[in-house]
Amino acid sequence: MNIEDLIIKGLSTAIEQLYSASADVEVKIEKTKPIFEGDYTFVVFPLVRRSGKSPELTAEELGREVIKTSPEISHYNVIKGFLNLSVAPSYWAEILHNYNAQNNFPQKEEKVMVEYSSPNTNKPLHLGHIRNILMGYSISEIMKAAGYPVVKANLINDRGVHICKSMLAWQRFGNGETPESSGIKGDHLVGKYYVVFESKLQEQTSDTVALALEGNWNCNDEIVQKRYIDTLEKLRSSKDDKQSSKYKGDIKDLVRNQSELMKSCQEMLRLWEAKDTEVLELWSTMNSWVYQGFNRTYERLGVNFDAMYYESNTYLLGKDIVKEGLSSGVFFKKEDGSVWIDLTAEGLDEKLVQRGDGTSVYITQDMGTADLKFQDHGIQRSVYVVGNEQDYHFKVLFHIMEKLGRSYAKGMYHASYGMVDLPSGKMKSREGTVVDADDLLQEMYDTAKAKTEELGKTDGMSETELHELYHRLSIAALKFFILKVDPRKRMLFNPEESIDFQGDTGPFVMYTYTRIKSILRSANYSGESSKTNLTLHPTEMSCIKVLSEFPSVVSNAAEEYNPAAVCQYVLDLAKAYNKVYNEVSILKETDTDLRSMRLHLASQTAQILQRGLQLIGIETVERM
RNA sequence: GGUUCCGUAGCUCAGCUGGAUAGAGCAACUGCCUUCUAAGCAGUAGGUCACAGGUUCGAAUCCUGUCGGGGUCACCA
């Protein structure tokens, strides 16, 4: 039993004894604030009604009692209604003595899938993807540490009009360029042709769009023409900027969709769906370039996957579920043949689940893929790491699966996270303000190299060792910077200012680790444990306290899908140990018992730092 | 407009299942390397927790409203 539970138990017993108020008061303790004396605090206000005495008296009485029943508490003090309890110094020594940093959680039955990354194959990865990837990987590692069997999954969007855009542009303007011939990383090469497509389209249509916005456009297609006129009217009568820019966008799309380029693109998609050999061949060639590129980025980021899903395989799924839902009455059909679900009772709207022409929409696939995932891997829980722009979509999806009676529906969870903003606002690919993942990684690497050389502590390290060091430092700085902020919140990233290597950063935690390792090497430490009847320095006691919190931090982080909690913890531990480092010496200690106790503390701390960092995807180094 | 998330130090962020005098880091200033790695430690300065009400012994935290910002409300994905 850990120290907090012990204290709670002691308090409960004491409360029972004094006031026979057993179950109706929940006994909660919290960490005592540093400005007051003590380790844990019990707030007695809720108890005052039972005791019939003033808060001070109640706290006093309870303090006296608890000290009798709980040997691990040595003394207490009362300030107003706060009972501050101090853990006996000898007890900290005992906790350290029994501490095992390699203890694991018992393996759980419930199998979990974490889906993350899920890129489109028409563009290289950018900073927004990085937040997703880092979160998904870290959540997976945290859940594993908490005892869950985890399947890391990547659902790749490898089909659709947007993919055909790159293909068509390459076909027409590529002159057979390949990653090999150009030396351009595959995903970037494909991304280049996506941009080519967009600019050619812009070229071909800008005049017509301008005319159309003035009301001077005639389309041969009657239906399109009608929609154009309708939208034009709405545009003219719209009152605010937001609305009118939406209608302007609609008109632009109408015009663009009639362009030769877009029509060819649609045609290419039709051929793809009809399994045209030539198109399929181009498609698989260009996708393979993208995967080569993505894999290099994934590898550099140190992430991986256990299961790959491709939308080219899953995009037709879900139609059976639509039928099923229709016959069970969960869905209903409108006159035009489109299929809907009514979620107004849940406070949502009616939602389309299949188009009038019988083709799928996004959510149709998602329903099918949900079934597939559960069938494939026998999972009980499915976590989707997807940005908060899709909050509504997942709310709907989960309601649907629930209504369809899927047993796994309650195990579906959307790990939603905020967008990454630049000082100028949102990243926009149109305006070229996206921060490219590979560029960013390279900049981080260069910064890590420069900082390390500036400090000049790497004498005797080989080229490969140095490279590995710069790599790990850069990844640590980036991961920590991104993961330490609460996932729900949007975060600001300033590419002008390089990410810090000092203060609350990944390298700082790594540094604490390497200093410990340096001591352990000098002392030839070989794992001896510590005795219990020793006088600990106050900094050592606080460090042990932090160590004792590791298991609850991991299980909370897993429960909340929150890597930031681990970042915060690992910082606390590093800070706590740095204080020890500054206050007490190990190598100069002549008392052998004290020396081994300190070595044991150092070693346990290093191991927990390493494990904690590993949960956020950061690898330690022995020297830096 | 409906709905949803957010607003804490100059900047980036903790704290939010209600508890004491709201914490870190960066930036600024001051100390500490003949002493286990100074990517460190100690200290100074910096706040009407957006605003207004309410619930409570007690509110940054819960409720309501206002203001400000983002998302979303597609037969797009």
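A quick note: this is a predicted structure, and the numbers were derived from the prediction, not measured. Each chain gets a letter, A, B and so on, in the order its sequence line appears, and its residues count up from 1.
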Inset, instruction - Considering only atom C1', compute the distance from B:C26 to B:A45 and round it to an integer number of Å. - result: 15 Å
Legend entry - Separation between the P atoms of B:G7 and B:G15, rounded to whole Å: 11 Å
Legend entry - Presence of salt bridge, A:Arg598 and A:Glu540, under 4.0 angstrom: yes
For [N], does OP1 or OP2 lie under 4.0 Å from any side-chain N or O of [X]?
X        : N     : answer
A:Thr514 : B:U37 : no
A:Lys426 : B:G71 : yes
A:Lys33  : B:U21 : no

Inset, instruction - Determine yes or no for a side-chain-to-main-chain donor-acceptor pair under 3.5 angstrom, with A:Asn120 supplying the side chain and A:Asn122 the backbone. - result: no
Send over the distance from [X] [atom1] to [N] [atom2], rounded to a whole Å.
X        : N     : atom1 : atom2 : result
A:Tyr577 : B:C36 : OH    : P     : 13 Å
A:Gln354 : B:A74 : CD    : P     : 19 Å
A:Gln568 : B:G25 : CD    : C1'   : 10 Å
A:Asn120 : B:C76 : CG    : P     : 16 Å
A:Ile156 : B:A77 : CD1   : P     : 19 Å
A:Lys484 : B:U12 : NZ    : P     : 12 Å
A:Tyr581 : B:A39 : OH    : P     : 10 Å
A:Arg490 : B:U12 : CZ    : C1'   : 13 Å

Inset, instruction - Among B:A38, B:U21, B:G7, find the nucleotide with the atom closest to the side chain of A:Lys489. - result: B:G7
Inset, instruction - Tell me which nucleotide among B:G25, B:G40, B:A20 gets nearest to the side chain of A:Phe36. - result: B:A20
Inset, instruction - Return yes if the base of B:A20 and the side-chain atoms of A:Thr41 contain a donor-acceptor N/O pair under 3.5 Å, otherwise no. - result: yes
Inset, instruction - Classify the side chain of A:Asn84 and the base of B:A20 as holding, or not holding, a donor-acceptor pair under 3.5 Å. - result: yes
Counting only Watson-Crick pairs (N1-N3 plus N6-O4 or O6-N4) and G-U wobbles (N1-O2, O6-N3), all under 3.5 Å, who is the partner of [N]?
N     : result
B:G46 : none
B:G68 : B:C6
B:U17 : none

Legend entry - Donor on one side chain, acceptor on other, A:Thr41 and A:Asn84, under 3.5 Å: yes
Legend entry - A:Trp272 ring center near A:Tyr315 ring center (under 6.0 Å): yes
Inset, instruction - Describe, in one word, how the ring planes of A:His393 and A:Tyr362 are oriented to each other, choosing from parallel (under 30°), tilted (30 to 60°) and perpendicular (over 60°). - result: parallel
Inset, instruction - Identify, between A:Ala448 and A:Ser338, the residue whose nearest nucleotide on RNA chain B lies closer to the 5' end. - result: A:Ala448
